[in-house]
Amino acid sequence: MTRLTENSQCAKILRRLQQSPGEMVPMPELVAVSGSYNIHSRVDELRSKHGIEIHNEVDLTVKPHISRYWVPAAA
């Protein structure tokens, strides 16, 4: 696994998700904290390159659809 650069977009997204484990964070909030509009790609990178468990769901009941991401709460 590669190391996260402290101020990278991935690190900013991960820090935000880890601030509230188990709680869904909407994609627009992750865009705001990271400066990246490619949240899905950054989350994929966190999963594949860094082995971090991140879940997501898409709310299809609203337009535009809203993706939400979260890390599991500690057991």
Side-chain angles (χ1 to χ4, degrees):
M1 283 184 239
T2 60
R3 186 170 177 249
L4 271 175
T5 305
E6 182 180 335
N7 217 15
S8 68
Q9 292 174 336
C10 285
K12 291 175 182 179
I13 290 167
L14 181 59
R15 273 195 299 273
R16 174 58 194 95
L17 293 173
Q18 290 176 332
Q19 287 174 352
S20 50
E23 295 180 25
M24 292 183 215
V25 180
M27 188 178 87
E29 185 175 338
L30 296 175
V31 168
V33 300
S34 70
S36 173
Y37 285 94
N38 296 313
I39 299 302
H40 187 74
S41 295
R42 300 293 74 80
V43 167
D44 183 58
E45 185 176 335
L46 286 165
R47 289 172 175 151
S48 63
K49 291 184 180 177
H50 303 286
I52 298 167
E53 183 179 357
I54 299 174
H55 300 274
N56 72 293
E57 73 172 27
V58 179
D59 184 352
L60 301 175
T61 65
V62 295
K63 294 267 182 168
H65 303 316
I66 297 177
S67 295
R68 293 178 275 216
Y69 298 85
W70 69 96
V71 293

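Just so it is clear, the structure is predicted and the values come from calculations on it, not from any experiment.
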Quick check: is [Y] connected to [X] through a chain of hydrophobic side chains (ILVMFWY, heavy atoms under 4.5 Å apart)?
X     : Y     : answer
Ile66 : Ile39 : no
Met24 : Val31 : no
Ile52 : Tyr69 : yes
Trp70 : Val25 : no

(request) Output the distance between atom CD (Glu45) and atom NE2 (His40), rounded to the nearest 0.5 Å. (result) 12.5 Å

(message) Just verifying a value: how many Å separate Leu14 CG and Gln19 CD, rounded to the nearest 0.5 Å?
(response) 10.0 Å

Counterpart residues, side-chain hydrogen bond (donor to acceptor under 3.5 Å, both in side chains), relative to [X] (two or more places apart):
X     : answer
Asn56 : Arg47
Glu23 : none
Thr5  : none

(message) Restricting to side-chain contact (heavy atoms from CB on, under 4.5 Å), what partner residues turn up for Glu53, sequence neighbours left out?
(response) His55, Pro72

(message) I want to check something: taking the side chain as every heavy atom from C-beta on, are Leu30 and Leu17 in contact at a cut-off of under 4.5 Å?
(response) yes

(request) Can you see which heavy atom on Arg15 is nearest to which on Asn7, and at what distance? (result) NH2-OD1, 4.0 Å

(request) Identify the heavy atoms of Leu4 and Ala11 that sit nearest to each other, and give their distance. (result) CD2-N, 4.1 Å

(request) If a pair satisfies side-chain hydrogen bond (donor to acceptor under 3.5 Å, both in side chains) and one of its residues is in residues 24-37, list it, with sequence neighbours excluded. (result) Arg16-Glu29

(message) Per the salt bridge (Lys or Arg N to Asp or Glu O under 4.0 Å) rule, what does the pair list look like for residues 65-74, sequence neighbours excluded?
(response) Glu57-Arg68, Asp59-Arg68

